[in-house]
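Report on one structure; see the data block that follows.
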Amino acid sequence: MVERYVMSIDQGTTSTRCILFDHRGRLVAVAQREHRQYFPKPGWVEHDPVEIWRNLERIAPEALAQAGATPDQVAAVGIANQRETTVLWDRLTGAPIGRAVVWQDTRTDALVEELSRAPDAALVTERSGLPLATYFSAPRIRWMLDHVPGLRERAERGEVLFGTMESWLIWNLSGGVDGGVHVTDVTNASRTLLMDLKTLTWDDDLLAFFGVPRAMLPEIRSSTETYATARRIFPGVRIGAALGDQQAALFGQTCFSPGETKCTYGTGAFLLMNTGTTPVRSANGLLTTVGYKIGDEPAVYALEGSIAVTGALVQWFRDRLGLISTAPEIETLARTVEDNGGCYIVPAFSGLFAPHWRSEARGIIVGLTSYITKGHLARAVLEATGWQTREVVDAMNRDSGLRLRELKADGGMTADNLLMQFVADVLNVPVERPMVVETVSLGAAYAAGLAVGYWPDLQGLRRNWHRAARWVPSMDPRRRESEYDNWRRAVERTFDWIKSDERGTDQA
């Protein structure tokens, strides 16, 4: 019998990957290609959508060749994508309207500030579940409509299309100008500020608030269903899923029940907790978002906590301070001491994300004495990730009324055993790492395979999940809470820094 696979397209911020998975959820082949990052002005970050599409054209055949497979052996393809990155393109020619504006881009800060003063600004959070911020797509659409001559008029006539990266890729895969399907899924739509979180439809009041023509928007579909049959790259293969990357990781970690939580540890960290079929409004600095939607079933919602700096702090320790030469060395250095020596590092390099959302905060090192060595500093670097995780989990427990029982962790930092043990200690719950660490790609594959019957149900996916490592808490509770108090006092100092600086400026 000929083996069949599911292909995952992981379109990320720095690269695009194609991965083939088999029935047991095992990685069979992977091909990857980076794309260029454009920084035309301070705070601006852009990608070339055509380059990303061309990269996909190259790597998909490479992945098939590695596995010795042909397109007819691919049961379905699923897409996971960088969220919020905004692409506009011409419906008739297929050409992008300039470069894609990336989720990291802050060119809309003045526009967001202006919009936040509008009398009906509270409507944005009320309907979308998200704060009015440069992070999301709608302000970028508005900025492009305002700054490209004639674009708004063309958009109103339906000549210009908007999408996040999965929309752009699905449109091209399904034919482009020759009948391409213009769709998005609920997880990506929920990150635009334009979708009503309850009805899962584009909201007329939000469209009017941001000045976005409905004619340019894709159709909102579920996360797992057949959107189209590919006509390019792998003709005849069903396109069966799309999810934002962090929601794909939630799916890949099989967090299918309320309270189940995953955290992806990379440059930053993203925690998502499944909260069930009713959206939970956060009173503690978290985002309310769609976790996934399977076919005609009700949507499953999630609370999300975004941490800006985790792995990036290790990179800073390596590249700026020069105290290690490779990232893995930090664990060895940290193990030369038994504790942090009373030293704490809060990496608010450009503010703090969840649960604080304080853009004025700046990084700080507290507790320095002549006793402190580079080993203590290394330990404080790792512990900063643990304490930030604790802050977000505490907020999730309060908002959801659920209690975290274990944390499923993935991402590059999970290779650091000392860090993972510390996370388990400060959360006082077990931390588990799966055998397949490519959980974003796996989640997209699972969702696509589910849509076409390659996998029968969620229980079948759970059976595919296998644990590679597990850390259980062992820290004395009194020490844990005492050190957490110290961490919170250090965080408070990051807010005071700007205040002190402003007082000094005023006095001068």
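Quantities reported herein were computed from a predicted structural model and do not represent experimental measurements.
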Between [atom1] of [X] and [atom2] of [Y], what distance do you get to the nearest 0.5 Å?
| X | Y | atom1 | atom2 | result |
| --- | --- | --- | --- | --- |
| Q82 | D10 | CD | CG | 10.0 Å |
| L303 | R281 | CG | CZ | 11.0 Å |
| Y301 | T277 | OH | OG1 | 8.5 Å |
| F162 | W168 | CZ | CH2 | 13.5 Å |

So does [X] pair up with [Y], basic N to acidic O under 4.0 Å?
| X | Y | result |
| --- | --- | --- |
| R379 | E383 | yes |
| D48 | R99 | no |
| R142 | D146 | yes |
| D196 | K198 | no |
| E483 | R488 | no |

Please determine if [X] forms a cation-pi arrangement with [Y], meaning its NZ or CZ atom is less than 6.0 Å from the six-membered ring centre and no more than 45° off the ring axis.
| X | Y | result |
| --- | --- | --- |
| R362 | F349 | no |
| R83 | W103 | no |
| R26 | F21 | no |
| R489 | Y344 | no |

Is it the case that D425 and Q421 place a side-chain donor and acceptor less than 3.5 Å from each other? yes

Any donor-acceptor pair under 3.5 Å linking the side-chain atoms of N81 with those of N188? yes

For W387 and Y484, I'd like to know if the aromatic rings sit close, meaning centre-to-centre distance below 6.0 Å. yes

Y446-F251 aromatic ring centre distance below 6.0 Å: no

Got a sec, which pairs hit salt bridge (charged side-chain N to carboxylate O under 4.0 Å, His left out) with one end in residues 427-439, sequence neighbours left out? R17-E438, E432-R467, E432-R470

Check: [Y] and [X] side chains under 4.5 Å, non-hydrogen atoms:
| X | Y | answer |
| --- | --- | --- |
| E304 | M273 | no |
| S223 | V186 | yes |
| T254 | K408 | yes |

Assess whether side chain to side chain contact (heavy atoms under 4.5 Å, CB included) is satisfied between D105 and T134, documenting all intermediate values. CA-CA 7 Å; D105 190 285; T134 62; over 6 Å; no

Does OH belonging to Y265 count more than 12 external heavy atoms closer than 6.0 Å?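 Yes - once you tally the heavy atoms of other residues, nucleotides and ligands closer than 6.0 Å, there are more than 12.
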
Checking R58, H35, R33 against T16 for side-chain contact (heavy atoms from CB on, under 4.5 Å), the one that qualifies is H35

Given V491, which of E391, R358, Q388 fulfils the side-chain contact (heavy atoms from CB on, under 4.5 Å) condition?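 Checked E391, R358, Q388 against V491; only one passes side-chain contact (heavy atoms from CB on, under 4.5 Å): E391.
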
Out of D394, N397, D399, which residue meets the side chain to side chain donor-acceptor pair (under 3.5 Å) rule with N284?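 Considering D394, N397, D399, a side chain to side chain donor-acceptor pair (under 3.5 Å) with N284 is found only for D399.
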
Would you be so kind as to tabulate the donor-acceptor pairs closer than 3.5 Å made by side chains of residues 311-319, with sequence neighbours excluded?
none

Describe, in one word, how the ring planes of H376 and Y371 are oriented to each other, choosing from parallel (under 30°), tilted (30 to 60°) and perpendicular (over 60°). tilted

